[in-house]
Amino acid sequence: MAEAHTVQGEKVGMPVQIRQADASSAMFLVDAGAARELLEGTGLEPLVVLPRRTVLSLAFVRYVDGDLGPYHEFAFSLMTRQPGRRDTTGAYIHWLPVNQSFTCEAGQSIWGFPKLMADIDITPVRGGHRCEVRVDGQLVIALRVADGLPMPGGAGGASIDAYTSRNGLLRRTPWIMNPGNVRGRPGGTRVELGTHPVSEQLRSLGLPKAALFSSRIGSLRMTFDDAATVLQTREVR
């Protein structure tokens, strides 16, 4: 049995369970060369799915009931792989703002997630949901995602490895999702970028642009296990 972690004086057992959440997300085909620059030093390379194109995912999640408490989160991730190694495809979490300090510290200390504190406003709008992320009052991104049409299935589990790079360590976290009430459609997004450095990174990838596909998960359960170190990219001090 995995050891519990201590966060702000509280024990967090493994695996962490998210019992109720909802999420909106969008996938974009973006420039693989620009993605490679963002991945420099991580020990990962972009997963090239078309000539000079890789996949960027933007998502916002409203956590309602889980082991880390209620909070909002925005995720900026890239599909990646470890060079020269088979079966290592996963999502590299590049930027992961949240709006509560407990989950922020837990994410950093347990998994090496690039969590930081931000103002994250998630609101229902006509035909979908909108998320606005501000850091120190500065707009980073506003993302509107249409709800789309009901999709068959969606109640089964899905697993993906989440990669993080922090303090010279590349780590992999097993991430299991159990989605329900899933809707989706091609396109279906509207992106507004601010002037924050992360906004400029998104511009370097080619945003704002139309999404390849967008989806809405009305009922989401998730499990996060302990992270495993897969590579030391530089000296850890």
Side-chain angles (χ1 to χ4, degrees), residues 2-7 12-18 23 25 27-49 52-59 61 67-68 73-98 102-118 135 140 157-177 196-198 200-202 204-205 207 222-237:
E3 290 186 15
H5 299 266
T6 301
V7 179
V12 178
M14 292 287 116
V16 163
Q17 302 285 344
I18 307 300
S25 65
M27 295 187 301
F28 301 82
L29 287 176
V30 298
D31 183 77
R36 195 178 303 276
E37 291 185 12
L38 291 183
L39 292 167
E40 186 175 356
T42 65
L44 296 169
E45 64 183 14
L47 180 69
V48 178
V49 295
R52 299 184 296 279
R53 292 290 181 267
T54 189
V55 178
L56 160 73
S57 174
L58 299 178
V61 186
D67 293 346
L68 303 181
E73 177 180 86
F74 188 93
F76 165 4
S77 62
L78 293 162
M79 290 305 298
T80 60
R81 61 187 295 274
Q82 296 179 51
R85 299 189 62 183
R86 301 176 61 184
D87 302 322
T88 61
T89 298
Y92 171 70
I93 313 299
H94 180 69
W95 190 64
L96 196 66
V98 294
F102 184 83
T103 186
C104 187
E105 183 176 327
Q108 292 174 358
S109 62
I110 297 173
W111 299 283
F113 283 135
K115 289 192 175 184
L116 71 155
M117 292 293 292
V135 175
V140 181
S159 177
I160 189 170
D161 286 337
Y163 285 106
T164 61
S165 179
R166 185 178 177 85
N167 298 328
L169 298 176
L170 176 67
R171 293 190 275 191
R172 182 180 65 239
T173 299
W175 172 21
I176 299 173
M177 296 174 285
H196 189 273
V198 173
E200 298 305 321
Q201 290 177 345
L202 290 165
S204 76
L205 293 167
L207 268 63
M222 294 183 281
T223 300
F224 296 91
D225 219 323
D226 255 323
T229 298
V230 294
L231 182 66
Q232 184 171 319
T233 57
R234 61 178 172 81
E235 184 179 356
V236 180
R237 297 183 181 276

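Worth knowing before you read on, the calculation uses all heavy atoms, side chains too, and leaves out hydrogens, waters and symmetry mates.
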Of all heavy-atom pairs between D226 and M14, which one has the smallest distance, and what is that distance?
-> OD2-CG, 3.4 Å

Is any side-chain heavy atom of R171 less than 4.5 Å from a side-chain heavy atom of W111?
-> no

May I ask you to test the L47-V55 pair for a side-chain heavy-atom distance under 4.5 Å?
-> no

CZ (R36) and CD (E45) are apart, to the nearest 0.5 Å, by 5.5 Å

Determine whether L78 and P46 make a side-chain contact, defined as any pair of heavy atoms from C-beta on separated by less than 4.5 Å.
-> no

Can L207 and L58 be said to form a side-chain contact (heavy atoms from CB on, under 4.5 Å), step by step?
-> CA-CA 11 Å; L207 268 63; L58 299 178; 3.7 Å; yes

Heavy-atom closest contact (R166 atom, F113 atom, distance) = NH1-O, 4.2 Å

Tell me, do D31 and R53 make a side-chain contact under 4.5 Å, heavy atoms counted?
-> yes

L56 to S77 - nearest heavy-atom pair and separation = CD1-O, 3.4 Å

CD of Q232 to CG of N167: how many Å apart, nearest 0.5 Å?
-> 11.0 Å

Tell me, do L38 and L205 make a side-chain contact under 4.5 Å, heavy atoms counted?
-> yes

How long is the gap from CG on L169 to OG1 on T229, to the nearest 0.5 Å?
-> 5.0 Å

If every non-hydrogen atom of T54 is compared with every non-hydrogen atom of A32, which pair is closest and at what distance?
-> CG2-CA, 4.0 Å

When rounded to the nearest 0.5 angstrom, what is the spacing between CD1 in I110 and OG1 in T164?
-> 12.0 Å

Any Y163 side-chain heavy atom under 4.5 Å of L231 side chain = no

Distance-only criterion, 3.5 Å: show the donor-acceptor pairs between side-chain atoms of residues 85-96 and protein atoms not counting sequence neighbours.
unit_1: R85; atom_1: NH1; unit_2: Q82; atom_2: OE1; d: 3.0
unit_1: T88; atom_1: OG1; unit_2: Q82; atom_2: N; d: 2.9
unit_1: T88; atom_1: OG1; unit_2: R85; atom_2: O; d: 3.2
unit_1: H94; atom_1: NE2; unit_2: Q201; atom_2: OE1; d: 2.8

At their closest point, which heavy atom of P15 faces which heavy atom of D67, and how far apart are they?
-> O-OD2, 4.0 Å

How many angstroms lie between atom CD of E105 and atom OG1 of T6, to the nearest 0.5 angstrom?
-> 10.0 Å

Are any non-hydrogen side-chain atoms of K115 and E73 less than 4.5 angstrom apart?
-> yes

Closest contact, heavy atoms only, V61 versus A23 | CG2-CB, 3.9 Å

